[in-house]
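Worksheet for the structure shown next.
Hydrogens, waters and symmetry mates play no part in the numbers below; they use all other heavy atoms, side chains included.
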Amino acid sequence: MESGKEDSGLKRELYSVIEPYSSGFLKVSDLHTIYWEQSGNPDGHPVVFLHGGPGGGTSPTNRRFFDPEFYRIILFDQRGAGKSTPHACLKENTTWDLIDDIEKLREHFKIPEWQVFGGSWGSTLALAYSQTHPDKVTGLVLRGIFLLRKKEIDWFYEGGAAAIYPDAWEPFRDLIPEKERGCFVDAYSKRLNSDDLETQYAAARAWTKWEMMTARLIPNDENIKKGDDDYFSLAFARIENHYFTNKGFFSSDSYLLDNIDKIRHIDATIVQGRYDVCCPMMSAWDLHKVWPEADFKVVKDAGHSANEPGITAELVAANERLKNKIKAGR
């Protein structure tokens, strides 16, 4: 279970920097248009990258987890995030809308089935998508498992993680008057949806900085600075808060765990940082217990971020493992 004890022959370093060979926008509703890009091998095995947040958007480094000679690498920005428009928009923005968008994208590219890769909220969406369309998924790589249950939201936003990061918690807490601290998610929702844009920005900066300061075992200044980027923060905070307020738009708290039978047959790897404060290991453990067939890799010296060395190594290795199986099956 602890990482590094097997698969020693697999590549574990990021691939070289690559540029997309095509990019564009797909209109997915009367309101929303999503940005997409393709890199790697146009005739390769397709893989779709599902970013976190929700609202985080993609970045060029996301392409580097995959062998560009083998994979056709597809990245896209989910509704309201990154380059997708309208920016930070919450209308027609639910888990089920995003699942429909993934299908629209797959059909747009005339791809019969593809590998799915997602971390944090991307793992939530990857599970929900694959449970809805299990016949379209050739393999799954999941990181920093987030099942969007009440106890997970409460842990991070209602004072649990504050026990480990009291210094980072105080600015997040102090933006909210004491009388409104019974539920921080609701208090932030009020401000992130305020008619006053500066009120929205102030709440967005505090919300984003709290997550960025807790995302790695060793804090990363570059990551934390994202909290000062109003454009990024507004989409990140507004969309995250919208989804968390609405319980992920799932019909029950344990929805993703209850539907594992639909994807039990899919070749999957779960990668989890032992000291993940954003998405504590309890969720990856609960997923592992109901889905023992999936490879379970615990990185003993990492937090939440895909860019921490131990997690990066396991993610690349997981893709290599799936690649080798596909090659062997040809």
| field | By side chain to side chain contact (heavy atoms under 4.5 Å, CB included) - contacts of Asp195 (at least two apart) | value | none
| Step-by-step salt bridge (Lys or Arg N to Asp or Glu O under 4.0 Å) determination, Lys104 to Glu107 | CA-CA 5 Å; Lys104 283 173 183 157; Glu107 288 163 3; over 6 Å; no
| said: Which residues pass the side chain to side chain donor-acceptor pair (under 3.5 Å) test with Tyr15, not counting sequence neighbours? | reply: Glu320
| task | State, with a plain yes or no, whether a side-chain heavy atom of Thr94 is found less than 4.5 Å away from one of Asn246. | result | no
| request: List in chain and number order the residues that pass ring pair (Phe, Tyr, Trp, His ring centres under 6.0 Å) with Phe70, two or more places apart in sequence or in another chain; answer none if no residue qualifies. | output: none
| Crowding at NZ, Lys136 (>12 non-hydrogen neighbours, <6.0 Å) | yes
| request: Look at Glu198 together with Arg205 and state whether they make a salt bridge at an N to O cut-off of under 4.0 Å. | output: yes
Sequence neighbours excluded and cut-off under 3.5 Å, please list the side-chain donor-acceptor pairs for residues 24-36, or say none.
{"unit_1": "Lys27", "atom_1": "NZ", "unit_2": "Ser29", "atom_2": "O", "d": "3.3"}
{"unit_1": "Lys27", "atom_1": "NZ", "unit_2": "Asp30", "atom_2": "O", "d": "3.1"}
{"unit_1": "Ser29", "atom_1": "OG", "unit_2": "Leu31", "atom_2": "N", "d": "3.1"}
{"unit_1": "Ser29", "atom_1": "OG", "unit_2": "His32", "atom_2": "N", "d": "2.9"}
{"unit_1": "Ser29", "atom_1": "OG", "unit_2": "Glu92", "atom_2": "OE1", "d": "3.0"}
{"unit_1": "His32", "atom_1": "NE2", "unit_2": "Lys91", "atom_2": "O", "d": "2.7"}
{"unit_1": "Tyr35", "atom_1": "OH", "unit_2": "Glu37", "atom_2": "OE1", "d": "2.9"}

| field | Hphob cluster co-occupancy, Trp285 + Leu142, side-chain heavy atoms under 4.5 angstrom | value | yes
| request: State, yes or no, whether a side-chain contact exists between Arg191 and Ile176 at a heavy-atom distance under 4.5 Å. | output: yes
| field | Counterpart residues, ring pair (Phe, Tyr, Trp, His ring centres under 6.0 Å), relative to Trp169 (two or more places apart) | value | Phe172, Phe184, Trp210
| task | Please list, chain by chain and in numerical order, all residues satisfying side chain to side chain contact (heavy atoms under 4.5 Å, CB included) with Asp186, sequence neighbours excluded. | result | Cys183, Thr245
| field | Under 3.5 Å donor-acceptor, Trp155 side chain and Val277 backbone | value | yes
| request: Please lay out, stage by stage, how Asn220 and Ile218 fare under the test side chain to side chain contact (heavy atoms under 4.5 Å, CB included). | output: CA-CA 6 Å; Asn220 174 285; Ile218 311 297; over 6 Å; no
| Any side-chain heavy atom of Gln38 sitting closer than 4.5 Å to one from Arg72? | yes
| message | My understanding is that a hydrophobic cluster links ILVMFWY residues whose side chain heavy atoms are under 4.5 Å apart, including indirect links. Using that, what else belongs to the cluster containing Tyr201? | response | Leu197, Leu234
| Is a donor on one side and an acceptor on the other found under 3.5 Å between the side chain of His51 and the backbone of Gly57? | yes
| query | For Val298, does its backbone N or O pair with a side-chain atom of Gln272 as donor and acceptor, under 3.5 Å? | reply | no
| message | Asn193: which residues meet the side chain to side chain contact (heavy atoms under 4.5 Å, CB included) condition with it, sequence neighbours left out? | response | Leu90, Ser189, Arg238
| Pair Arg181 + Asp174, salt bridge at N-O below 4.0 Å | yes
| query | Excluding sequence neighbours, so at least two apart, what forms ring pair (Phe, Tyr, Trp, His ring centres under 6.0 Å) with Phe65? | reply | Phe117
| request: With sequence neighbours left out, write down each residue that passes side chain to side chain donor-acceptor pair (under 3.5 Å) with His87, or none if nothing qualifies. | output: Tyr231
| message | Tell me every residue that passes side chain to side chain donor-acceptor pair (under 3.5 Å) with Ser252, counting only those two or more places apart in sequence or in another chain. | response | none
| message | Check this for me, if you would: do Asp261 and Arg264 make a salt bridge, where the nitrogen-to-carboxylate-oxygen distance has to be below 4.0 angstrom? | response | yes
| query | Do Gln115 and Asn319 have side-chain heavy atoms sitting under 4.5 Å apart? | reply | yes
| message | Suppose the criterion is ring pair (Phe, Tyr, Trp, His ring centres under 6.0 Å): which pairs have a residue in residues 130-150, not counting sequence neighbours? | response | Tyr129-His133, Phe146-Phe244
| field | Carboxylate-amine/guanidinium proximity below 4.0 Å for Asp67 and Lys11 | value | no
